[in-house]
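Here's the structure we're looking at; comments come further down.
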Amino acid sequence: MLFVTGGAGFIGSNFVLDWLSQSDEPVLNLDALTYAGNLGNLRSLEGDKRHVFVHGSIGDGPLVERLLADYRPRAILNFAAESHVDRSIHGPADFIDTNIVGTFRLLEAARAYWSSSKDDSFRFLHISTDEVFGALGADDEAFHEETQYQPNSPYSASKAASDHLVRAYHHTYGLPVLTTNCSNNYGPFHFPEKLIPLVINNALFGRPLPLYGDGQQIRDWLYVKDHCSALRRVLQSGVPGRTYNVGGWNERTNLAVVQSICDLLDELKPRDDGQSYRRQITFVTDRPGHDRRYAIDARRIESELGWRPSETFESGIRKTVGWYLENAEWVRNVTSGSYRNWLEKQYA
Ligand code: NAD
Ligand code: DAU
């Protein structure tokens, strides 16, 4: 059995669905169901005995210890986190609680569980981000596994702290850990506070498409199912104590990303007035401390573990826009009252 945390969120739910579409090995899914967690993502698993859902926090040590004792998983995959940079700027406390203290408590429970069994095949796979490396200039080489950590936002600082704890538990106690640092994901079940789903949703409702600053910031985009396949590969063959950068070699400016979405919507669901959705693009106040560029050098995971992404940005973004057009009900369900409050606070 796998023990997944945060498996009702964007990447975690894609991973659970992807895993159970290829394997009969069951998944224990612990999720606190914050605003970002949504059991609707896992509706297709209703009644499926291979998926055991538990509502709770990674910071609840006794609960995690009991789950480990009862289910005896062979691996823990830690997706649970507060994940949105803008929210961390408005209020960092939850990021410290979950990303740092929560990961610490999960590590403590994992250490006790692993120490009692000393099972060499046990793995603690920590899912992290490229944001821990800080910002790149236009001509800098892409982030590689030895790039110095220089986190710039409360979110990335909290993820960096959790990465350090994971590393220390390997170095000090020998816990068989693996860490992945992945670039920006996109795809189905992406919460519409993040750039790509926000823009698709706003476009369809005739609202402005907000680009921070000059829109020339660069992100390196990876289709979420490619991230899932990378995690499967790292879990299977990664070397304990080693870290793996995951990315799709898809650097794009934010403006180019938003223009691609507009062009796809023009083709798939044209505006009633026949004008392009590009008319809705609006430049708004920049994010404080906004990192200019991220780019991942994914050569280690490619050469050592033989992983490569399947999707280009063009194929992945077409699938993504198509998914949002076909899943308007999912979008309606997650864009409830509290979501509207967030939009008012952030884009007022
Ligand atoms: P998300 O915000 O969509 O989902 C996070 C999930 O964690 C939610 O289901 C939430 O309910 C749950 N959660 C929050 N606090 C919890 C707690 N204390 N205990 C248990 N569950 C809790 O995030 P995501 O985009 O799916 O990201 C998942 C992981 O991947 C995060 O660790 C994030 O840092 C990392 N990551 C994300 C991206 C990206 O582009 N989204 C890229 C690289 C890495
Ligand atoms: O790089 C990996 C990270 O990618 C993950 O660790 C984070 O969990 C995930 O949220 C994501 O962080 P970003 O800050 O890069 O994602 P976001 O979708 O918030 O923003 C992408 C880019 O678009 C960024 O440069 C900010 C910009 N942006 C974002 C929003 C929400 C806008 O210009 N306008 C917006 O309204």
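Positions are given from 1 along the sequence. The model shown is predicted, which means the values in this text are computed figures rather than measured ones. Each ligand, and each atom within it, is numbered from 1 in the order the structure gives.
Not one N or O of D86 is nearer than 3.5 Å to an N or O of ligand 2, by distance alone. Considering backbone and side-chain atoms together, H227 places no N or O closer than 3.5 Å to any N or O of ligand 1.
Distances shorter than 4.0 angstrom do not occur between any heavy atom of F191 and any atom of ligand 1. Not a single heavy atom of K159 sits closer than 4.0 Å to an atom of ligand 2. Contact analysis puts E193 in contact with ligand 2, with a non-hydrogen atom separation below 4.0 angstrom. Residue contact check for ligand 1: T5 places no non-hydrogen atom closer than 4.0 Å to it.
Proximity to H290 (heavy-atom distance under 4.0 Å) selects the following atoms of ligand 2: 24 (C), 25 (O), 26 (C). Taking a cut-off of under 4.0 Å to the non-hydrogen atoms of L211, the atoms of ligand 2 that pass are 33 (O). Taking every heavy atom of G56 and a limit of under 4.0 angstrom, the matching atoms of ligand 1 come to 19 (N), 20 (C). For ligand 2 and Y347, the ligand atoms under 4.0 Å from any heavy atom of the residue are 30 (C), 31 (C), 35 (C), 36 (O). Residue G37 approaches ligand 1 through these ligand atoms, each under 4.0 Å from one of its heavy atoms: 8 (C), 9 (O), 11 (O). Numbered from 1 in the order shown, with element, the atoms of ligand 1 that lie under 4.0 Å from a heavy atom of T34 read 10 (C), 11 (O), 14 (C), 15 (N). With ligand atoms numbered from 1 in the order given, ligand 1 contributes 33 (C), 34 (O) to contacts under 4.0 Å with heavy atoms of Y155. Counting atoms of ligand 2 from 1 in the listed order, those under 4.0 Å from a heavy atom of D130 are 1 (O), 2 (C). Near S128, with a cut-off below 4.0 Å to any heavy atom, the atoms of ligand 1 are 43 (C), 44 (C). Every atom of ligand 1 is numbered from 1 in the order shown, and the set under 4.0 Å from a heavy atom of N184 is 40 (O).
For F124 and Y169, the ring centers sit 6.0 Å or farther from each other.
Contact annotation: the side chain of N254 never approaches that of I218 to less than 4.5 Å [non-hydrogen atoms, C-beta and beyond]. Using a 4.5 Å cut-off on side-chain heavy atoms (C-beta onward), L107 and L175 make contact. At a threshold of 4.5 Å between non-hydrogen side-chain atoms, the residues Q346 and E193 do not count as touching. Between N184 and D220, the closest side-chain pair of non-hydrogen atoms is not below 4.5 Å. Looking only at side-chain heavy atoms (C-beta outward), L28 and V4 stay at 4.5 Å or farther from each other. Inter-residue side-chain proximity for N14 and K225 is flagged as met; some heavy-atom pair is nearer than 4.5 Å. Using a 4.5 Å cut-off on side-chain heavy atoms (C-beta onward), S117 and F122 make no contact. W330 has its side chain within reach of N38: a pair of non-hydrogen atoms, C-beta onward, lies under 4.5 Å apart.
Remark: minimum distance from atom 19 (O) of ligand 2 to any protein heavy atom is reached at R287 NH2, 3.0 Å. Residue, atom and distance of the protein heavy atom nearest to atom 34 (N) of ligand 2 are P210 O, 2.8 Å. Of the protein's non-hydrogen atoms, the one nearest atom 21 (C) of ligand 2 is L195 CB, 3.9 Å. With hydrogens left out, the protein atom closest to atom 16 (O) of ligand 2 is N184 ND2, 3.5 Å, a heavy atom. Counting protein heavy atoms only, atom 3 (C) of ligand 2 is closest to E131 OE2, 3.0 Å. Protein heavy atom in closest approach to atom 8 (O) of ligand 2: S83 O, 2.7 Å.
With a 4.0 Å cut-off on non-hydrogen atoms, L33 touches ligand 1 through its backbone and not its side chain. Heavy atoms of S183 found under 4.0 angstrom from ligand 1 belong exclusively to the backbone. With a 4.0 Å heavy-atom cut-off, ligand 1 is reached by the side chain of T98 but not by its N, CA, C or O. Of the heavy atoms in H84, none comes closer than 4.0 Å to ligand 1. Of the heavy atoms in F189, none comes closer than 4.0 Å to ligand 1.
Taking 4.0 Å as the cut-off between side-chain N and carboxylate O, R50 and D24 count as a salt-bridged pair. Between D263 and R278 there is a salt bridge, since at least one side-chain N of the basic residue sits less than 4.0 Å from a carboxylate O of the acidic one.
Residue E329 places its CD atom among 12 or fewer non-hydrogen atoms of other residues, nucleotides or ligands, all under 6.0 Å distant. In this structure, E141 places its CD atom where only 12 or fewer heavy-atom neighbours from other residues, nucleotides or ligands lie under 6.0 Å away.
Between G9, G59, A80, S57, it is A80 that holds the heavy atom closest to atom 22 (C) of ligand 1.
Taking the ring centre of Y35 as origin, the terminal cationic atom of R87 falls inside the region bounded by 6.0 Å and 45° from the ring axis. With a 6.0 Å cutoff to the six-membered ring centre and a 45° limit on the axis angle, R287 does not count as a cation-pi contact of Y212.
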